[in-house]
Student: 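I'd like to ask you about the structure that follows.
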Amino acid sequence: HLATQLLDSAVVQQTERVHAMGTISKSSLLTIMEYDLLPPEGQGGGSGEKDREAQLEASMAKLDSVVGLAGVKDFVKSMRAQLVLDAERRANGLPSIGSGSLHMVFSGNPGTGKTTVA
């Protein structure tokens, strides 16, 4: 549930961001930015970049507290690093590297946490 909630929230944030830009392109519809993964303003106990970063860290800590699932945790951390790098590139006038696919398949034996994370 955690990963599904994170991605569902990111898609909502992305939709609002793209709509606010006023220019909708295939690229903007297929790109999730780092701040799309953060809680919306007013839903994280505060506002501003510092509070958003604290919320992101809290979400990552919650994921880290789940026992096992090292591959999922590594994937989420890698995705976050890619989004941060992409944001830095754009902020410095460099082209975006793209975000790739965010689709995931959770497979494994019963009781291994697939549904919890999905």
Side-chain angles (χ1 to χ4, degrees):
H1 296 292
L2 184 60
T4 300
Q5 290 172 346
L6 178 67
L7 289 177
D8 286 347
S9 176
V11 170
V12 169
Q13 291 281 92
Q14 174 211 30
T15 302
E16 291 174 3
R17 176 179 49 81
V18 169
H19 178 70
M21 288 180 356
T23 304
I24 299 174
S25 67
K26 182 177 180 180
S27 175
S28 66
L29 293 173
L30 296 175
T31 303
I32 296 206
M33 315 285 271
E34 177 187 16
Y35 42 83
D36 294 331
L37 294 168
L38 301 173
E41 292 292 330
Q43 290 187 7
S47 61
E49 188 64 31
K50 188 173 182 179
D51 291 332
R52 295 190 85 153
E53 185 64 30
Q55 286 297 316
L56 179 58
E57 292 303 323
S59 295
M60 294 302 292
K62 186 174 180 180
L63 177 62
D64 285 337
S65 71
V66 176
V67 176
L69 305 171
V72 172
K73 294 173 186 177
D74 289 343
F75 176 78
V76 171
K77 289 174 185 175
S78 173
M79 182 172 51
R80 178 184 178 196
Q82 289 174 5
L83 293 169
V84 168
L85 176 64
D86 197 49
E88 288 292 322
R89 288 180 59 85
R90 283 188 317 282
N92 289 296
L94 297 171
S96 173
I97 56 175
S99 62
S101 176
L102 296 176
H103 294 279
M104 295 181 221
V105 174
F106 296 100
S107 62
N109 294 329
T112 56
K114 299 178 300 294
T115 303
T116 301
V117 174

Student: What pair of heavy atoms forms the shortest contact from Leu63 to Lys73, and how long is it?
Tutor: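 In terms of heavy atoms, the two residues are closest at O-CE, 3.3 Å.
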Student: Starting at CG of Leu94, measure out to CD of Glu88 and round the result to the nearest 0.5 Å.
Tutor: 10.5 Å
Student: Taking C-beta and beyond as the side chain, do Val76 and Met60 meet within less than 4.5 Å on heavy atoms?
Tutor: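 Counting from C-beta outward, Val76 and Met60 do come under 4.5 Å.
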